[in-house]
Protein chains: 2
Amino acid sequence: MLPRMTEAPMREPTFLVLTALAATPQHGYAVIEDVARMTDGRVRLRAGTLYAALDRLRSDGLIEVDREEVVQSRLRRYYRLTGVGEQRLAAETARLHRQATLAESRLRTRRTPGEAFS
Amino acid sequence: MLPRMTEAPMREPTFLVLTALAATPQHGYAVIEDVARMTDGRVRLRAGTLYAALDRLRSDGLIEVDREEVVQSRLRRYYRLTGVGEQRLAAETARLHRQATLAESRLRTRRTPGEAFS
DNA sequence: CAGCATATACCGATCATCGGCATATACGGC
DNA sequence: GCCGTATATGCCGATGATCGGTATATGCTG
């Protein structure tokens, strides 16, 4: 299971999954709930999206299995960020901040006649 | 050409196209260059991506044709943000800031044993 | 005249996400 | 006892934005 070489742009659900695992390891279902809480219910990850994302992030080396527990005869597989995942998430947050700040700046200079924009 | 009702999550190239048009109207090719400059060459929009995005954003009512010019016998079609587009971009920037801040906050509380996270 | 920049536009392929379904167990209400 | 919901993982087909390439022109430069 070699890590993929592509540095494809990260979509929102994937970013939120990494965010959910940033502070502490969590199992899949807990991630779904956490993402819903984080986004005030706006993003409700489908099971298909979540487990596909976990597999992909794992094969990319951004997360790894932390441990497995059985609670009430149900399996809980906990995932945690790897060092690489931590760096990637930090890079993503920096990028988001930069782009958001730039967009805000441009929105402010909007409709200012005869004014050049950077 | 009815505006689509879906409020689908916005991807990075689309966000950057809106950002490019936020301050002043620009034609397609200028948007490609602007996005490349904004992202320090990281994002180089393909023609297919750009014009498809412009069509989609137009049918969604987020942008509209500003004017057309012919320079050196080549057509330049300028697009501008609509009021709806401006609101949407502002909402997107707010969302990006919130998510980036949240992710940073979680990265900071990382690996702090026995500590609950919000 | 070959190559590159400008400028718009179409096309098939890729792939993350969506939406739904399957499989189990536990719990609460009726 | 049964139904619906919550918990928990997983598979599968469809969707759609993006990618990569090509087409079509013109102008400029080497």
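So you know, we letter chains A, B, ... as the sequences are listed, proteins then strands, and number each from 1. The figures here come from the full heavy-atom set of this structure, side chains too, leaving out hydrogens, waters and symmetry mates.
Note on B:Arg11: every side-chain N or O is 4.0 Å or more away from OP1 and OP2 of D:dG16. A close approach under 4.0 Å does not occur between any side-chain nitrogen or oxygen of B:Tyr51 and OP1 or OP2 of C:dA9. For the OP1/OP2 pair of D:dA8 and a distance below 4.0 Å, the side-chain nitrogens and oxygens of A:Arg76 include at least one atom meeting the criterion. The shortest distance between the side-chain N/O atoms of B:Gln72 and the OP1/OP2 oxygens of C:dA7 is not below 4.0 Å. In this structure, B:Ser73 reaches the D:dG27 phosphate: one of its side-chain N or O atoms is under 4.0 Å from OP1 or OP2. Distances shown here put every side-chain N or O of B:Thr14 at or beyond 4.0 Å from the OP1 or OP2 atom of D:dA17.
Annotation: proximity of residues 42-50 of chain B to DNA chain C (heavy atom, distance under 4.0 Å) is found for B:Ala47, B:Gly48, numbered in ascending order.
Of the two residues near DNA chain C, A:Ala53 and B:Tyr78, the one whose nearest nucleotide lies more 5' is B:Tyr78. DNA chain D is contacted by both A:Tyr79 and B:Glu12; A:Tyr79 maps to the nucleotide lying nearer its 5′ end (nearest heavy atom per residue). Taking for each of A:Arg74 and A:Pro13 the nucleotide of DNA chain C with the nearest heavy atom, the 5'-most of the two is the partner of A:Pro13.
Panel note: side chain A:Arg110, backbone B:Leu81; a donor-acceptor pair is recorded below 3.5 Å. Counting only distance, with no hydrogens or angles, the side chain of A:Gln26 and the backbone of A:Ala20 share a donor-acceptor pair below 3.5 Å. Using a distance-only test at 3.5 Å, with no hydrogens or angles considered, a donor-acceptor pair links the side chain of B:Thr19 to the main chain of B:Phe15. The closest donor-acceptor contact from the side chain of A:Thr93 to the backbone of B:Glu104 lies at 3.5 Å or more, if one exists at all.
For A:Arg77, taking side-chain heavy atoms from C-beta onward, the closest of the listed nucleotides C:dT17, C:dA7, D:dG10 is D:dG10.
Atoms CE (B:Met10) and C1' (D:dA17) sit 12 Å apart, rounded to a whole Å. One interatomic measurement links the two molecules: CG of B:Leu57 to C1' of D:dT18, which rounds to 13 Å at whole-angstrom precision. Distance B:Asp34 CG to C:dT6 P: 13 Å, rounded to the nearest Å. Residue A:Leu18 contributes atom CG, which lies 14 Å from atom C1' of C:dA16 at whole-angstrom precision. In this entry the distance linking CG of B:Leu16 with P of D:dA17 reads 16 Å, nearest Å. Between B:Arg56 atom CZ and C:dA9 atom C1' the separation is 16 Å, expressed in whole Å. Atom-to-atom, CG of B:Asp55 to C1' of D:dT18 comes out at 14 Å; the value is rounded to the nearest Å. Atom pair B:Arg58:CZ and C:dA9:P shows a separation of 9 Å (rounding to whole Å applied).
Annotation: side chain of A:Glu68 is not in contact with side chain of A:Arg76 (no heavy-atom distance under 4.5 Å).
As judged by a 4.0 angstrom heavy-atom cut-off over every strand, A:Glu33 is placed among residues touching the sugar-phosphate backbone only.
Aromatic ring pairs are classed by plane angle as parallel below 30°, tilted from 30° to 60° and perpendicular above 60°; the pair B:Tyr78 and B:His27 is perpendicular.
B:Arg44 CZ: 12 or fewer foreign heavy atoms inside a 6.0 Å radius.
Using a 4.0 Å cut-off between a side-chain N of Lys or Arg and a carboxylate O of Asp or Glu, A:Glu33 and A:Arg37 do not qualify as a salt bridge.
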